[in-house]
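Reading through the structure tokens given below for one structure.
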Amino acid sequence: MNHRFRLLRTLALASLMGAALPVFAQADPRSTPASADRYPTRPIRLFIGQAPGGAVDTIARLAAERLATRLGQPVVVDNRPGAGGMLAAEAIARAAPDGYSIGLLDVGPLAVNPVLQPKVSYDVTKDFRYIGTVAKIPLVMVAKPDLASSRPADLVAHAKANPAKLTYGSAGVGSPPHLAFETFKARSGVFITHIPYRGGAPALADVVAGHVDLTFIDTNLASQYQKSGKVKAIAVAMLERSPLMPEVPTFNESGLKGFEFAPWVGVVGPAAMPAEAATRLAAALDAVVASPEFISRLQSLGFAPFANSPASFSALVRSELQSYRTLIKERGITLEN
């Protein structure tokens, strides 16, 4: 009897220990590095530097929805507007490097502000891991409805015949419309007076009202405003015509060969994020940007798909830094302009 009792007790203990083994073998996924076959295991936060409703926000939400499908976890857009996108860039650079805090940034915080701003709290060459680019935001030069010039050549001739008479509005010093106009002025040899605003909306409003002659806006907005007769589209700052505005010429075909000004946006993460997570994100992003459905959706909104590998994206940022450094120096652009 004692022998039988001891045998039963031994079998019971073995059974209990066997049942417990899987529990002790499970590790908290948050306490271990991300791995390619397991990442992600929880929602990912995507910081952007603009308020809801703008071009960058629209692209971010389109990409986030499709990334979530491919990654099997929600990708939540976190808007951090302010300081020309630098607040979002700082949030990404300082985030926990676990692969769950990334961001979609444009050329401003990555290539313009580091040159123009006296104090930037992050280093674009050291603080970010570059995942890949997503899209370009083509710009269109638009004019007040009653401006005599309707095409780039006419505008250049008019500006040269009337120096300092024409004006252009921008979203502020260092904004894409400002830098696009300064590039146009340098290439065409004209002088047009800059009127900076606190945002693109008031600049466009004054063009519509006829108080300012010109501005640059994105293609989707330009298409809507031209159709309603509120502005006159002069030219598209891309090498090819826009599907949304096929009747509007490009600067490239109007005498300014190679002229293109289309700010890009791309996904970045903290520099120390796990390589496995970065690789998984890059593969998912590449698949999204190559998707015919995503391309069609972008183009319907006036954006252009723009894919780059992590290495090419990093090289692009370094190249753009130098280009904007040269432009800003040659044009004498400061925050006081």
Side-chain angles (χ1 to χ4, degrees), residues 48-51 53-60 81-89 104-117 124 133-143 167-187 192 194-207 212 214-223 225 231 233-239 242 245 250-251 256 259-266 298 301-304 306 316-317 319-328 330-331 333-335 337:
I48 67 167
Q50 281 73 33
V56 176
D57 178 74
T58 299
I59 295 170
M86 291 192 296
L87 295 183
L104 184 80
L105 297 180
D106 63 19
V107 66
L110 290 178
V112 176
N113 290 334
V115 177
L116 186 62
Q117 296 284 349
V124 295
T133 52
V134 179
K136 288 184 177 181
I137 305 172
L139 297 183
V140 181
M141 182 188 286
V142 298
T167 58
Y168 77 89
S170 80
V173 175
S175 66
H178 177 211
L179 298 177
F181 259 105
E182 290 305 309
T183 303
F184 169 74
K185 288 161 60 177
R187 289 287 308 275
I192 304 175
H194 178 212
I195 302 177
Y197 289 79
R198 295 179 65 85
L204 177 59
D206 269 5
V207 171
V212 177
L214 302 152
T215 191
F216 269 105
I217 56 178
D218 70 72
T219 311
N220 190 27
L221 200 57
S223 175
Y225 273 68
V231 299
I234 302 296
V236 178
M238 286 285 281
L239 300 183
S242 168
M245 310 176 74
T250 66
F251 286 101
L256 293 180
F259 182 88
E260 180 181 74
F261 207 98
W264 42 260
V265 295
L298 282 180
L301 295 171
F303 307 128
F306 182 53
L316 173 67
V317 171
S319 173
E320 293 278 80
L321 276 169
Q322 185 56 49
S323 296
Y324 282 111
R325 185 175 288 112
T326 300
L327 175 67
I328 288 168
E330 290 182 349
R331 302 301 297 176
I333 298 171
T334 69
L335 292 177
N337 287 148

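- Between the side chain of T133 and the main chain of F306, a donor-acceptor pair closer than 3.5 Å is present.
- Ring geometry, F251 versus F184: the interplanar angle falls from 30° to 60°, so the pair is classed tilted.
- Between the OG1 atom of T215 and the CE atom of M141 there is a distance of 9.5 Å, given to the nearest 0.5 Å.
- The NE2 atom of H178 sits 8.5 Å away from atom CZ of R331, with the distance rounded to the nearest 0.5 Å.
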Show your reasoning for whether side-chain contact (heavy atoms from CB on, under 4.5 Å) applies to I137 and I59. CA-CA 9 Å; I137 305 172; I59 295 170; 3.9 Å; yes
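- Not one N or O on the side chain of N113 forms a donor-acceptor pair closer than 3.5 Å with the backbone of M86.
- Just one residue in the list I328, I333, T326 forms a side-chain contact (heavy atoms from CB on, under 4.5 Å) with E330, and that residue is T326.
- Contact of the V265 side chain with the I48 side chain is not registered, since no non-hydrogen atoms from C-beta on lie closer than 4.5 Å.
- Heavy atoms only, all atoms of each residue included: A55 and D218 are closest at CB-OD2, 4.5 Å.
- Among all heavy-atom pairs drawn from G302 and P138, the shortest one is O-CD, 3.3 Å.
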Please walk me through it: do Y197 and V212 pass side-chain contact (heavy atoms from CB on, under 4.5 Å)? CA-CA 11 Å; Y197 289 79; V212 177; 3.1 Å; yes
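- In terms of heavy atoms, M245 sits closest to A233 at CE-CB, 3.7 Å.
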Decide side-chain contact (heavy atoms from CB on, under 4.5 Å) for Y168 and H194; before the verdict, give the C-alpha distance in whole Å, the side-chain angles of both, and the deciding distance to 0.1 Å. CA-CA 5 Å; Y168 77 89; H194 178 212; 3.3 Å; yes
When you look at W264 and L110, which way does the side-chain contact (heavy atoms from CB on, under 4.5 Å) test go after all the steps? CA-CA 10 Å; W264 42 260; L110 290 178; 3.8 Å; yes
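- Tested against L214, the residues V231, I192, V207 include a single side-chain contact (heavy atoms from CB on, under 4.5 Å) partner, I192.
- The two residues L321 and P114 come nearest to each other via the heavy atoms CD2-CB, 3.9 Å.
- Taking the six-membered ring wherever Trp is involved, the centroid distance between the rings of F216 and F261 does not fall below 6.0 Å.
- Minimum heavy-atom separation, P196 to G172: CB-CA, 4.2 Å.
- Although no hydrogens or angles enter the test, the distance criterion places no donor-acceptor pair under 3.5 Å between the side chain of S223 and the main chain of T219.
- Here OG1 of T58 is found 10.5 Å from CD of Q50. Values are rounded to the nearest 0.5 Å.
- Among all heavy-atom pairs drawn from L139 and P263, the shortest one is CG-CD, 4.0 Å.
- Note that NZ of K136 and CE of M238 are 5.5 Å apart. Values are rounded to the nearest 0.5 Å.
- Residues L239 and T250 have side chains not in contact (no heavy-atom distance under 4.5 Å, counting atoms from C-beta outward).
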